Protein chains: 2
Amino acid sequence: MQKWERSQKVADLSTIEEIAKEAGVSRSTVSRVINNDPNVNEQTRERVLEVVNSNNYVPNRAARKLAGGRTGVIGLVIPIGVSRLFVEPFFPILIQSVTNRCNQVNRSVMFWLGEPEYERRSITQILSNDLLDGVIVSSLKDQDPIVAALHHSQIPFVLIGRYRDLPVNFVDIDNEKCAQVAVNYLLQTGRKRIATITGVADTMVSRERLDGYRATLAKAGFAVDNNLIAEGGFVEEGGYAAMAKIFPHKPDAVFATNDAMAVGAIRFLREQGVRVPEDVGVVGFDDAPFAASYKPALTTIAQPIGELGRRAVDMLVNVIEQQPNDVMNEIFASDLIIRESA
Amino acid sequence: MQKWERSQKVADLSTIEEIAKEAGVSRSTVSRVINNDPNVNEQTRERVLEVVNSNNYVPNRAARKLAGGRTGVIGLVIPIGVSRLFVEPFFPILIQSVTNRCNQVNRSVMFWLGEPEYERRSITQILSNDLLDGVIVSSLKDQDPIVAALHHSQIPFVLIGRYRDLPVNFVDIDNEKCAQVAVNYLLQTGRKRIATITGVADTMVSRERLDGYRATLAKAGFAVDNNLIAEGGFVEEGGYAAMAKIFPHKPDAVFATNDAMAVGAIRFLREQGVRVPEDVGVVGFDDAPFAASYKPALTTIAQPIGELGRRAVDMLVNVIEQQPNDVMNEIFASDLIIRESA
DNA sequence: CTTTAGAATGGGAACGCTCCCAATATCTGA
DNA sequence: TCAGATATTGGGAGCGTTCCCATTCTAAAG
């Protein structure tokens with residue numbers, strides 16, 4: 001009930017003008033204080049701050065926005081369907097890390113999840129949503145029109161995962177390198193017929209991981225057998241189906257480009273009476289929370305998902321506030337976690 | 001590229017005043033049209049609408065709010081930590097269904113995910129976030145101060161899951177009844193020592209499921225053995241640990257109050273060489289996406305999660321627009337899905 | 001043909017903030 | 001001691017809406 005009273009008090013002095021009066025200064029001075037303008041006398045600042053805090057004053061975001069300021073609201077757009085959203089741990093972790101960081105830096109998050117497909121309406125809604133200071137977009141398909149639209153608009157934005165066609169701000173991991181590490185490990189452990197299960201076509205991340213797979217195999221002097229490549233759409237069922245397609249071609253290892261598909265693949269193998277890792281080694285990708293406790297525990301590439309989300313927020317805030325001329329990129333390292341499955 | 005040009009056009013005529021000029025009417029008339037005021041000549045309305053549409057005009061939400069209108073933004077608050085968020089499929093599905101419905105009814109979603117704990121600051125931030133028309137809250141603990149705060153403020157809100165201490169709007173399932181169905185099924189199949197793994201203490205949902213378990217057992221003439229009750233915190237690890245505690249007391253069945261814990265319990269049982277369902281039957285709760293493909297396929301209670309989310313949105317929109325005097329409640333039915341684990 | 005109710009429309013004021021410029025207070029050095 | 005900076009502060013204007021009241025127009029009634 002105490003908190004209840006506090007929140008009651010919120011309503012008492014709720015405009016900048018009221019705070020100003022209480023503190024014995026002008027509206028402008030209060031504005032300067034809450035916006036960290038250096039041109040304020042230190043004592044005045046303290047006095048104002050005290051009134052602000054004791055009244056639990058929070059500036060009205062709508063008014064602030066209208067007057068040309070910022071709202072402190074960041075948009076998060078993840079254009080994928082339900083099926084992936086709740087199967088891949090990537091997304092909950094990402095969402096969590098983005099929202100947490102936003103809260104830390106005193107921002108709110110507005111959310112758009114995978115519409116079946118962008119229509120003009122959705123994009124318009126996001127872009128012309130005057131409440132947003134900036135936007136974070138993850139898991140794009142190639143040519144997703146939202147990027148061009150965002151790029152053309154003046155709204156600051158950051159991608160999680162890179163984009164080919166335009167110079168944009170992004171954070172990402174080095175997918176090609178990751179694939180290389182995974183495949184090399186498989187090669188080192190003596191595998192000869194290494195398959196791969198790819199994610200979603202039209203996707204940078206899928207393409208890069210596949211490129212890495214191909215390049216590494218080629219470099220090691222192995223021919224790439226297209227029968228050993230199948231698409232799994234990043235979901236467990238897809239991994240199962242892809243494994244079914246690949247299996248007749250006698251792989252002795254599989255690089256599944258995420259853990260959900262690795263699990264699907266293992267499920268298929270198990271049903272065939274194939275032992276993992278003895279007969280076929282499986283490497284996943286993501287280091288999902290279940291990866292360690294799964295039987296067999298998954299050998300997998302650990303993406304710093306939380307770090308990606310946090311950095312995306314920081315980068316976006318930086319773009320919003322500093323308006324730099326150059327685009328910013330940041331590539332994160334990932335590790336191979338060796339466990340039981342390969 | 002076409003879409004790009006469209007979004008360019010958005011910027012052209014972007015204020016109500018410009019639209020008014022273009023349509024040859026006043027600001028007020030345009031406002032009436034976009035707010036569906038009946039006092040507008042039909043021809044005028046059409047003309048205005050045409051200009052609005054061809055210019056892809058969207059009213060400025062900040063201005064609208066400031067002038068006393070609505071923003072069309074709904075807050076979604078889910079006060080749980082990461083650990084549950086990405087382990088329980090309940091949340092992604094809920095989030096997805098809420099955001100989708102919001103998009104359908106032309107609303108945006110603003111998001112607060114499980115802070116370690118509410119501080120005054122968080123609540124203030126949510127409540128005094130003048131950008132919100134209303135709030136949906138899910139997965140509360142008892143006495144969560146946000147409910148009292150919300151209740152006291154004038155902000156319309158709807159809970160997903162009921163709340164004991166105050167008359168509030170909510171949607172929910174009948175947890176007690178569900179538990180009854182699950183336990184009765186176990187009894188019917190001849191189980192004699194039925195255990196239960198509860199979720200998070202201080203939680204209506206846990207308490208209700210436990211009450212249902214107790215009542216059903218009592219009604220069937222069985223004594224309730226507290227050794228057969230353990231808390232699992234709604235996570236897989238917790239289910240495993242709870243099963244470890246219960247196991248020495250020779251249960252022949254377990255009602256796990258969600259699927260994640262059911263999986264944890266089965267993992268433990270398997271490690272002990274116990275067969276499921278032959279030696280110990282396991283019933284879960286949620287009908288998680290993995291429940292059907294799990295081995296053994298989970299017998300579980302199917303909650304209409306998507307429906308809960310959608311109805312919560314509809315109810316909230318109704319509250320926002322109609323401002324009814326009475327609180328609204330809606331209880332959804334759930335089904336027992338019989339598969340292999342019991 | 002005039003009057004009047006009602007339909008349709010227009011425009012001022014206000015919402016709470018930031019930006020900008022002007023005004024005042026304080027300090028510096030010769 | 002005084003001009004000229006410099007530090008601090010104050011207040012008007014305006015952001016794009018909605019609400020409310022006033023005004024204009026229309027058509028029916030007398």
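In what follows, chains are A, B, ... by sequence order, proteins preceding strands, each numbered from 1. The shown structure was predicted, so the numbers you read here are calculated from the model rather than taken from an experiment. The basis for the numbers below is simple: all heavy atoms, side chains too, and nothing from hydrogens, waters or symmetry mates.
- A donor-acceptor pair under 3.5 Å is formed between the side chain of B:Asn169 and the backbone N or O of B:Phe157.
- Between A:Asn35 and C:dT18 there is a side-chain polar atom (N or O) within less than 4.0 angstrom of OP1 or OP2.
- Rounded to whole angstrom, the span from the CD1 atom of A:Ile34 across to the P atom of C:dC17 amounts to 7 Å.
- Side-chain to base pairing of A:Ser28 with D:dG11: one donor and one acceptor N or O lie within less than 3.5 Å of each other.
- Phosphate proximity of D:dT17 to B:Tyr57: present, with a side-chain N or O under 4.0 Å from OP1 or OP2.
- If you take CG of A:Asn39 and P of C:dC19, they are 13 Å apart, rounded to a whole angstrom.
- At the phosphate of D:dT8, neither OP1 nor OP2 sits under 4.0 Å from any side-chain N or O atom of A:Thr29.
- Residues A:Arg64 and B:Glu42 both approach DNA chain C. Their nearest nucleotides, taken by heavy-atom distance, put B:Glu42 toward the 5′ side.
- You'll find a donor-acceptor pair under 3.5 Å spanning the side chain of A:Arg27 and the base of C:dT18, going by distance alone.
- Whole-Å rounding puts the B:Glu46 CD to C:dA8 C1' distance at 16 Å.
- Distance from the side chain of A:Thr44 is smallest for D:dT9 among the nucleotides C:dC17, C:dT9, D:dT9.
- Between the P atom of C:dG6 and the CG atom of B:Asn41 lies a distance of 19 Å, rounded to the nearest Å.
- For the pair B:Glu17 CD and C:dG10 C1', the computed distance is 11 Å after rounding to whole Å.
- In summary, A:Glu18 and A:Lys21 do not engage in a salt bridge, as defined by a charged side-chain N under 4.0 Å from a carboxylate O.
- For B:Asp314 and B:Arg311, the salt-bridge test passes: some basic side-chain N is under 4.0 Å from an acidic carboxylate O.
- We find that CG of B:Leu66 is positioned 17 Å from P of C:dA13, with the value rounded to whole Å.
- Although no hydrogens or angles enter the test, the distance criterion places a donor-acceptor pair under 3.5 Å between the side chain of B:Asn53 and the main chain of B:Leu49.
- Using modelled atom types, one finds no donor on one side chain facing an acceptor on the other under 3.5 Å when comparing A:Asn35 with A:Arg70.
- Nearest-nucleotide assignment on DNA chain C puts the 5′-proximal partner with B:Ala67, out of A:Ser31 and B:Ala67.
- For the pair A:Asn60 CG and D:dG16 C1', the interatomic distance rounds to 14 Å; values are reported in whole Å.
- A donor-acceptor contact under 3.5 Å links the side chain of B:Arg32 to the base of C:dG10.
- Regarding B:Lys21, its NZ atom lies at a distance of 17 Å from the C1' atom of C:dG11, rounded to whole Å.
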